[in-house]
Chemist: 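Quick one: this structure, given as structure tokens, is what I'll be asking you about.
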Amino acid sequence: SGLKVGFTVEQLDAIYLQSTLTFEEIDGKQHFLLLRSNDDATLLWGPVTETGGAGIVEGIYSPRACDGGPVATP
């Protein structure tokens, strides 16, 4: 998809127009959660500096790594 750490929340939202973007506080920090629209399965999540469009993506996590191995879930 091209999403990278350092992109803005606005860019994140534009890249994933077909998915649902929500925010949740996890361990005292705001995180984005990108959910598949048809079943709300978590696709990606990560910390952001703020939830508004100017917020910066500080990390990107996935339930499955690119190599197919499992990764921790939120």
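Computed from a predicted model, the values in this text were never measured in an experiment.
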Chemist: Is any side-chain heavy atom of Leu21 closer than 4.5 Å to one of Leu33?
Modeler: no
Chemist: I'd like to know if the side chain of Ser19 reaches the main chain of Leu34, judged simply by a donor and an acceptor atom lying under 3.5 Å from each other, with no hydrogens or angles considered.
Modeler: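 Answer holds: no.
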Chemist: Just how far is it from atom CG of Leu3 to atom CD1 of Ile60, taken to the nearest 0.5 Å?
Modeler: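 Result: 3.5 Å between the selected atoms.
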Chemist: Nearest 0.5 angstrom please: Leu35 CG to Thr22 OG1, how far?
Modeler: 4.5 Å
Chemist: When rounded to the nearest 0.5 angstrom, what distance separates OG in Ser1 from CG in Leu43?
Modeler: 10.0 Å
Chemist: Mark yes when over 12 heavy atoms from residues, nucleotides or ligands other than Asn38 sit less than 6.0 Å from its CG; otherwise mark no.
Modeler: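 Enclosed.
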Chemist: Testing Ile56, Val48, Ile15, Leu12 for side-chain contact (heavy atoms from CB on, under 4.5 Å) with Phe7, which one passes?
Modeler: Ile15
Chemist: Is it the case that atom CD in Gln18 sees more than 12 heavy atoms from other parts of the structure closer than 6.0 Å?
Modeler: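 No, CD of Gln18 has 12 or fewer neighbouring heavy atoms, counting only those of other groups under 6.0 Å.
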Chemist: So, taking the atom named CD1 in Ile26 and the one named CH2 in Trp45, what distance separates them when rounded to the nearest 0.5 Å?
Modeler: 8.5 Å
Chemist: Could you please spell out the steps behind the side chain to side chain contact (heavy atoms under 4.5 Å, CB included) verdict for Val57 and Phe32?
Modeler: CA-CA 8 Å; Val57 175; Phe32 76 88; 3.9 Å; yes
Chemist: With the side chain counted from C-beta on, respond yes when Asp13 and Glu10 share a heavy-atom pair under 4.5 Å apart, and no when they do not.
Modeler: no
Chemist: Within the supplied structure, the quantity of interest is the number of heavy atoms (other residues, nucleotides, ligands) at a distance under 6.0 Å from Lys4 NZ; does it exceed 12?
Modeler: no
Chemist: Report yes if some heavy atom in the side chain of Ser37 is under 4.5 Å from a heavy atom in the side chain of Tyr16; otherwise report no.
Modeler: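 No, too far: nothing below the 4.5 Å cut-off.
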Chemist: Which heavy atom of Tyr61 sits nearest to which heavy atom of Pro47, and what is that distance?
Modeler: CE1-CD, 3.5 Å
Chemist: Please name the pair of heavy atoms, one in Thr8 and one in Gln11, separated by the smallest distance, quoted to 0.1 Å.
Modeler: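 Nearest pair, atom of Thr8 first, then Gln11: N-OE1, 2.8 Å.
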